[in-house]
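What you are looking at is a predicted structure, and each value in this text was computed from that prediction instead of being measured. Below, chains carry the letters A, B, ... as their sequence lines are ordered, and counting in each starts from 1.
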Amino acid sequence: MSDQPILTLDHVTKRFGPITVVDDVTVNVHRGRIQVLLGENGAGKSTLINMAAGVHEPSSGQIIVDGHPTRIPDTKASEALGIATIHQELQLVSSLSVAENILMGRLPQRFGLVDKREMYRLATEALTTVGLHVDPHMPAGALGIARQQLVEIAKALSLKARLLILDEPTASLTKHEIEHLFGLISQLRSEGVGMVFISHHLDEIASIGDSVTVIRDGKFVAEVPATTPEPELVRLMVGRSIDEQFPRRATPPQEPLLSVQGLTRKGTFTDVSFEVRAGEVLGIAGLVGAGRTEVVRAIAGADPYDTGTVTVQGKPLPKGRIGAAIAAGVGLVPEDRKAVGLVLGASVEDNLGYATLMSSARYGLVDRRGQAKRANLVAKRLAIRMRGLGQRVGALSGGNQQKVVLGRWISAGSKVLILDEPTRGVDVGAKVEIYQLMNEITAAGGAVVMVSSELPEVLGMSDRILVMSDGRVAGVLAAADADQHTVMSLAVKEVEPDRV
Amino acid sequence: MSNTQETTPTAQKAPGADVTSKRAKIADFVSANGALVGLLVLCVAMFIATPDFLTPNNLLNVGIQASVVAILAFGQTFVIVTAGIDLSVGSVAALSAMVAAFTGQSWGMPPLVALLFGLLTGLAAGMLSGAATAYAKLPPFIATLAMLSVARGLTLVVSNGIPVPTSSVVTWLGGSIGPIPMPVVVLLVMGAIGWFILNRLSVGRAMYAVGGNLEAARLSGIPVKRVLVTVYALSGIFAAVAGLVLSGRLASAQPQAATGYELDAIAAVVIGGASLAGGVGRISGTLIGALVLAVIRNGLNLLNVSAFWQQVIIGLVIAVAVGIDVLRRKRA
Amino acid sequence: MSNTQETTPTAQKAPGADVTSKRAKIADFVSANGALVGLLVLCVAMFIATPDFLTPNNLLNVGIQASVVAILAFGQTFVIVTAGIDLSVGSVAALSAMVAAFTGQSWGMPPLVALLFGLLTGLAAGMLSGAATAYAKLPPFIATLAMLSVARGLTLVVSNGIPVPTSSVVTWLGGSIGPIPMPVVVLLVMGAIGWFILNRLSVGRAMYAVGGNLEAARLSGIPVKRVLVTVYALSGIFAAVAGLVLSGRLASAQPQAATGYELDAIAAVVIGGASLAGGVGRISGTLIGALVLAVIRNGLNLLNVSAFWQQVIIGLVIAVAVGIDVLRRKRA
Amino acid sequence: ACNRTSPTTSATASSAKKFTLAVSTLNNPFFVSLKEGAVAEAKAEGVTLNVVDAQNDAATQANQLANAQSQNVQAVIVNPVDSDGAGAPVKALNTAKIPVIAVDRTVNGAKVASFIASDNVAGGKQAAAELGKLLGGKGDIIVLQGTAGTSAARDRGKGFTEGMKAFPGIKIVATQTANFDRAQGLDVTTNLMQAHPGVVGIFAQNDEMALGAIKALGAKAGKAVKLCAFDGTAAGVSAVKAGTLNCTVAQLPSVLGKLAVQQAVKALAGKADANVPVKTTVITETNAATFKG
Ligand SMILES: Nc1ncnc2c1ncn2[C@@H]1O[C@H](COP(=O)(O)OP(=O)(O)OP(=O)(O)O)[C@@H](O)[C@H]1O
Ligand SMILES: Nc1ncnc2c1ncn2[C@@H]1O[C@H](COP(=O)(O)OP(=O)(O)OP(=O)(O)O)[C@@H](O)[C@H]1O
Ligand SMILES: [Mg+2]
Ligand SMILES: [Mg+2]
């Protein structure tokens with residue numbers, strides 16, 4: 001085989017209005033090789049690959065496919081060139097079936113009609129490839145976010161592309177599915193498929209990548225082999241070195257802040273009890289679908305439950321009343337920030353202020369000065385990267401959006417922070433900042449409950465680890481006694497084998 | 001939210017459950033068409049209230065009386081599934097019927113050609129609205145509100161404000177073959193066509209994708225703009241058919257025909273379980289919605305409720321019919 | 001999409017740019033109120049077409065003629081910002097005016113008390129729609145369509161279909177103080193109140209959050225249901241004021257007053273840059289939208305365009321006015 | 001529970017007379033008076049009268065006529081939304097041998113036992129004659145049209161235009177629609193007076209629009225600007241009494257309603273009068289005091 005790249009993004013630049021998001025970057029993708037893109041949140045990775053996916057066209061520079069300069073004006077053109085893309089944001093229609101989502105835009109037809117049998121056959125095949133055992137008739141919206149991610153992957157793989165772009169495909173997956181996915185990727189690589197892989201999990205890079213292109217602030221920084229040690233990658237990426245990936249500063253635990261007793265919702269979770277003390281970080285681990293999200297939402301008053309009690313600082317909270325939970329000092333950072341965490345069309349300042357909007361108002365008047373002051377302070381403290389507090393939150397990078405949701409609760413002075421997958425899609429630098437924030441909260445006498453599917457994070461940042469399995473508490477471990485093995489063995493307890 | 005698929009998800013269906021599959025299908029249909037319960041409650045109430053309701057003749061009347069709004073609403077279903085709205089259906093119906101009558105009467109076109117002119121008028125109006133939405137990026141509310149006004153104005157211009165007698169073919173569409181009223185036949189045919197488009201054609205499935213998640217549809221290579229134009233074009237054609245049936249029933253194309261029907265058509269679709277936010281909606285639901293409206297009006301006439309109170313009751317019944325559905329879904 | 005805040009983000013504003021800040025503010029206003037360009041183009045066109053347009057007297061007329069729709073549309077703005085829709089505004093306006101006239105005339109209430117009854121009617125109707133939406137979870141389209149029908153029916157029941165003379169206070173609202181027409185004063189006052197609610201009250205800011213992402217608002221502790229009820233209640237009160245102004249202008253509460261005004265009101269809001277998908281909308285935009293509609297109608301009267309063509313032209317102008325805005329935003 | 005008329009069980013229905021009155025619209029005081037005249041007469045005759053309102057929609061009216069048949073009424077009084085449009089549904093009633101009385105507008109393409117009407121075209125001519133006389137045969141006038149495409153607007157307009165031929169000195173400078181609505185009458189007149197300040201006369205195709213125009217004209221109403229209208233509703237007549245409206249062509253709507261019921265009763269015995277003309281009267285200041293609608 002020749003050494004000619006399948007795809008070259010040749011000195012491409014992308015401007016949105018006055019802002020240059022990608023600035024003169026060159027990336028080559030070869031057959032059977034995995035090109036990793038590395039960069040902080042907002043560095044321009046997604047924008048870069050979107051030029052190959054037919055979402056954006058470069059403002060300058062060119063796209064070269066098989067040695068020929070090519071235009072890729074839309075998705076169809078990209079697919080026609082043999083490029084398949086798994087986008088960072090889930091792109092599913094929740095009311096349509098899994099099968100229709102997988103084959104969207106290319107439903108099999110017979111005599112001009114949709115061939116439903118063939119559709120379900122192809123979909124089942126694609127689902128089997130990724131090891132997802134769900135009924136393809138199910139509406140995609142009924143699946144949890146991880147399964148939806150797997151559906152996306154199945155969708156892209158079923159295109160049988162020769163170039164596969166994966167923009168943070170592992171962000172919502174647990175170890176188990178990631179391993180399966182990496183198996184698939186290795187197989188495709190051996191079949192000669194070229195790939196672009198974006199991830200904020202540095203450990204994945206060494207295990208899967210061939211070569212790494214690092215970009216910072218939209219500019220090319222370096223291209224290095226995937227074997228480059230992590231600290232060096234971090235330094236290239238953020239322009240400085242990060243000493244410690246999990247900088248947990250344990251605080252001596254004090255009085256209990258949050259106490260959950262016998263929490264049950266039929267069919268979802270059963271008899272969940274635990275306690276979190278001031279100054280403590282409780283990690284909640286478990287497989288996808290273990291019911292962690294449901295439990296923490298119920299605690300925060302977002303959903304109702306059948307039996308059990310939730311007590312904060314000795315005061316029992318009424319069932320399903322968010323307002324009461326917030327007033328008692330509970331703050332929930334939900335797992336799907338775009339869908340339920342942020343008002344994407346509103347400004348950063350507005351989003352930071354929602355939790356205090358009503359409570360800080362006097363005679364119904366918005367406390368404009370106070371809201372602005374709090375927003376300013378929090379934005380500075382969390383180092384939110386933005387053009388100004390008036391910027392639309394939807395235009396921020398993922399990591400910065402996550403900081404905005406967190407900032408809302410810091411601003412509201414919440415004592416008990418419940419973080420559901422707080423670092424999903426967040427870059428190393430920002431991750432450490434979020435961890436440091438957790439430290440500050442516990443040091444100030446607050447408590448943190450952190451649901452995470454990233455085991456290293458759970459192990460690195462928690463003081464105690466609660467493992468859930470099939471809606472029940474499978475066990476609680478002190479951080480010192482826990483390692484990947486002990487946590488996983490609890491997590492798979494009671495799980496039937498065919499479950500993801 | 002109701003399901004958009006023809007069969008609701010029957011995950012982990014036991015294999016070999018063929019015997020019960022018919023019953024299951026009926027159950028599926030009921031659960032997917034919540035307003036059906038509302039319709040049945042309404043019918044039972046009417047039956048108890050007046051013996052005139054449940055006569056074969058009156059039921060056919062209800063069918064005839066539902067036909068125009070139902071056909072408009074079928075077309076509207078496509079639009080609402082894509083998260084759009086078509087306010088112009090009433091005016092476009094009137095314009096199409098008027099063009100059909102006028103080309104027949106004044107230009108002396110043969111009846112079938114005149115009818116074709118009517119249909120083409122609906123198509124053209126729909127395509128214009130669609131293009132204004134998809135390409136000129138006007139909000140559907142504005143594009144179709146403009147069309148509402150333009151089409152009504154053109155109807156008046158064409159007719160000079162005077163009703164025009166319809167041709168034989170159109171009158172036949174409004175008449176009946178033996179005991180079978182043609183409007184009901186047309187209603188069923190258009191319903192079948194609508195169902196077929198939404199469920200069996202890829203463009204129909206694409207409508208759900210566009211309405212459910214426009215960005216996802218675009219990224220999956222669905223030609224979103226073309227789908228949108230198709231949707232409004234279909235709504236235009238369905239409106240033309242509704243207009244022809246309406247003028248056929250009256251043997252005359254009226255310049256003010258179908259004024260205000262857009263709200264009825266949209267209401268029928270929403271009562272039938274669709275969401276104005278897009279991605280959901282089915283033809284069977286829309287039919288039920290149109291029947292709910294027709295049964296209320298028919299029943300209140302039969303019961304001799306005063307014209308003033310009728311409006312109060314119609315409002316309440318619409319709210320209750322949809323309320324039943326909302327409750328039922330919450331329980332499920 | 002236009003911005004939800006009153007001042008558009010002027011990040012990285014040069015320090016000490018005080019001199020230019022006024023100009024910048026105007027530029028901000030223009031860029032945030034796209035339909036303004038459409039309105040200006042329209043006015044210039046009218047000015048060229050007829051010298052009668054740009055007389056102080058006629059401009060006041062336009063203001064008076066815009067007043068009822070504008071007040072309805074201010075109320076509608078709250079609703080649309082929360083991604084809702086209120087179809088009942090015209091009927092509620094008529095009912096409120098009728099109640100005010102009727103309690104004054106037939107029950108002999110003192111004028112101010114009768115006026116209060118009118119306002120309370122609007123409030124009650126709005127709260128009912130709001131409760132149906134927020135608590136009974138009816139789609140806003142259905143809840144307010146039901147209210148449209150119920151309120152109109154009740155208006156007819158109360159009045160027995162016959163116009164009722166209004167009290168002195170209401171007639172004063174429709175009159176003028178010296179050269180200043182009261183409808184324009186009421187329009188400005190209601191606009192100021194609307195602006196204040198949307199921009200200075202926490203419940204107003206919460207409306208943007210609810211319309212932008214209901215679930216995110218709920219999870220942030222915003223009392224979504226209460227906000228929704230407030231929104232419809234406000235729309236009801238604004239409708240009542242509009243109804244009072246309308247009946248005051250005629251010195252009589254008409255049973256069929258404001259029929260069909262809901263589409264005008266919604267159109268004014270959307271022309272003003274709001275999105276029916278929620279989260280966006282401003283009072284200044286709505287005012288411009290209402291003025292666009294009033295200017296078209298006034299101008300077409302002045303030009304003595306035939307009734308038939310008027311509708312065609314109104315439709316085209318609405319499309320073009322919004323089209324200009326869409327184009328402008330795309331360029332920016 | 002909301003049904004205000006006493007429910008008739010099917011047992012008693014066979015003996016008692018039951019008619020349907022299908023009104024084109026109750027949005028307009030004219031038709032409200034018509035309905036009330038009919039209701040009063042029905043009460044006097046011991047007839048149960050089922051009143052339905054088509055809200056000016058010919059199709060709704062067709063539905064209501066079909067529903068009347070389902071109810072087995074003995075006679076139907078129809079005030080057509082549109083003469084052509086009512087043809088098909090009335091034909092169905094003909095086949096079912098239910099006598100149909102047309103009131104105010106006739107039915108084309110079907111049989112009616114009796115037609116009671118005042119002639120809108122003739123009324124339009126009367127209005128033209130009266131306005132011409134008031135203006136001394138010269139000056140600029142404007143016309144406020146009813147809802148475009150309705151038969152009342154057409155016929156009154158037609159009659160008025162014909163009547164105006166007798167006055168070559170009078171010029172119609174503007175014709176605009178105000179949709180039979182008082183508020184629109186006010187706005188449109190305001191705008192037209194802006195464009196044509198020299199106007200000395202207005203013909204409004206119904207009283208409601210005229211009442212709006214009176215508001216727009218203020219002190220000029222009935223004095224510097226002469227106004228003629230149509231319908232003779234209570235409000236219209238009091239405006240004539242007050243001198244703000246110079247004339248209105250009265251159609252005696254309640255008489256129309258009353259006669260319709262009488263004819264329906266006669267029709268059951270097969271002896272209805274085919275044509276019952278009700279004269280339109282021009283009401284002016286001189287006869288307003290004695291006029292009874
Ligand atoms: N359509 C757009 N208009 C304006 N700015 C945009 C647009 N899309 C992206 N940006 C900006 O471009 C920058 C790069 O965004 P991009 O999504 O490419 O980052 P990324 O490297 O993929 O980050 P992440 O790791 O968070 O996914 C961000 O600052 C973002 O705000
Ligand atoms: N066996 C299963 N089959 C189908 N759906 C399941 C199954 N188990 C869980 N689910 C659903 O999957 C979703 C994921 O559950 P939940 O979010 O509570 O789990 P989690 O532990 O937080 O996992 P995640 O990592 O996805 O957040 C829920 O909607 C749940 O009802
Ligand atoms: Mg990205
Ligand atoms: Mg979860």
Side-chain angles (χ1 to χ4, degrees), chain B residues 49-53 55 57-62 64-66 68-69 94 152-153 155-156 159-166 171 174-176 245-261 294 297-313 316, chain D residues 1-10 13 18 20 22-23 25-26 32 35 48-73 81-89 91-92 96 108-110 145 147-151 153-154 157 177:
Chain B
T50 163
D52 299 326
F53 179 72
T55 61
N57 217 338
N58 190 55
L59 291 184
L60 275 184
N61 276 345
V62 171
I64 300 175
Q65 291 164 19
V68 173
V69 166
R152 180 66 64 190
T155 310
L156 290 164
S159 65
N160 204 15
I162 299 165
V164 180
T166 52
T171 313
S176 53
V245 169
L246 178 63
S247 67
R249 285 188 63 202
L250 304 171
S252 131
Q254 307 272 318
Q256 289 292 347
T259 302
Y261 281 29
R297 301 228 162 97
N298 172 272
L300 292 177
N301 275 175
L302 295 184
L303 289 171
N304 193 18
V305 175
S306 109
F308 298 164
W309 283 104
Q310 279 200 17
Q311 300 205 39
V312 177
I313 298 174
L316 293 177
Chain D
C2 301
N3 189 346
R4 291 200 296 188
T5 56
S6 56
T8 43
T9 62
S10 47
K18 200 163 81 171
T20 285
V23 202
T25 175
L26 290 176
V32 176
K35 181 202 82 175
T48 309
L49 191 68
N50 183 1
V51 183
V52 291
D53 170 12
Q55 299 186 350
N56 260 331
D57 183 0
T60 302
Q61 187 158 64
N63 296 345
Q64 289 168 341
L65 293 177
N67 293 342
Q69 195 179 335
S70 299
Q71 284 173 292
N72 303 313
V73 295
V81 172
D82 183 88
S83 301
D84 294 315
K91 219 178 199 167
N108 295 340
Q145 288 176 307
T147 307
T150 56
S151 65
R154 274 197 309 273
T177 183

Contact class of [X] relative to chain D, heavy atoms under 4.5 angstrom:
X: B/Asn301; result: both
X: B/Tyr261; result: side chain
X: B/Gln65; result: both

Return the minimal non-hydrogen interatomic distance between [X] and [Y], and the atom names on each side.
X: B/Leu250; Y: D/Ala58; answer: CD1-CB, 3.6 Å
X: B/Arg249; Y: D/Ala59; answer: NH1-O, 4.4 Å
X: D/Gln71; Y: B/Leu303; answer: NE2-N, 4.3 Å

Tell me, do [X] and [Y] make a side-chain contact under 4.5 Å, heavy atoms counted?
X: B/Arg297; Y: D/Val52; value: no
X: B/Asn58; Y: D/Asn67; value: yes
X: D/Gln55; Y: B/Gln311; value: yes
X: B/Pro165; Y: D/Asp84; value: no
X: B/Leu302; Y: D/Ser70; value: yes

Can you tell me which of [options] forms the most heavy-atom pairs within a distance under 4.5 Å of chain D?
options: B/Val62, B/Val68, B/Ile162; answer: B/Ile162
options: B/Leu156, B/Thr259, B/Asn57; answer: B/Leu156
options: B/Ala258, B/Pro163, B/Ser252, B/Ser247; answer: B/Pro163

remark   = Rounded to the nearest 0.5 Å, the CG atom of B/Asn304 sits from the CG atom of D/Leu49 at a distance of 8.0 Å
Separation of D/Gln64 CD from B/Asn298 CG (nearest 0.5 Å) =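 So the CG of B/Asn298 and the CD of D/Gln64 are separated by 10.5 Å.
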message = If we define contacts as heavy-atom pairs under 4.5 Å, which of D/Asp82, D/Val51, D/Asn108 has the most with chain B?
response =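 The residue among D/Asp82, D/Val51, D/Asn108 with the greatest pair count is D/Asp82.
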task = Look at D/Asp53, D/Asp57, D/Asn50 and state which one has the largest set of heavy-atom pairs under 4.5 Å with chain B.
result = D/Asn50
task = Check whether D/Thr60 gets within reach of chain B through its side chain, its backbone, both or neither, counting any heavy atom under 4.5 Å.
result = both
task = Apply side chain to side chain contact (heavy atoms under 4.5 Å, CB included) to D/Asn72 and B/Asp52, showing your working.
result = CA-CA 8 Å; D/Asn72 303 313; B/Asp52 299 326; 4.1 Å; yes
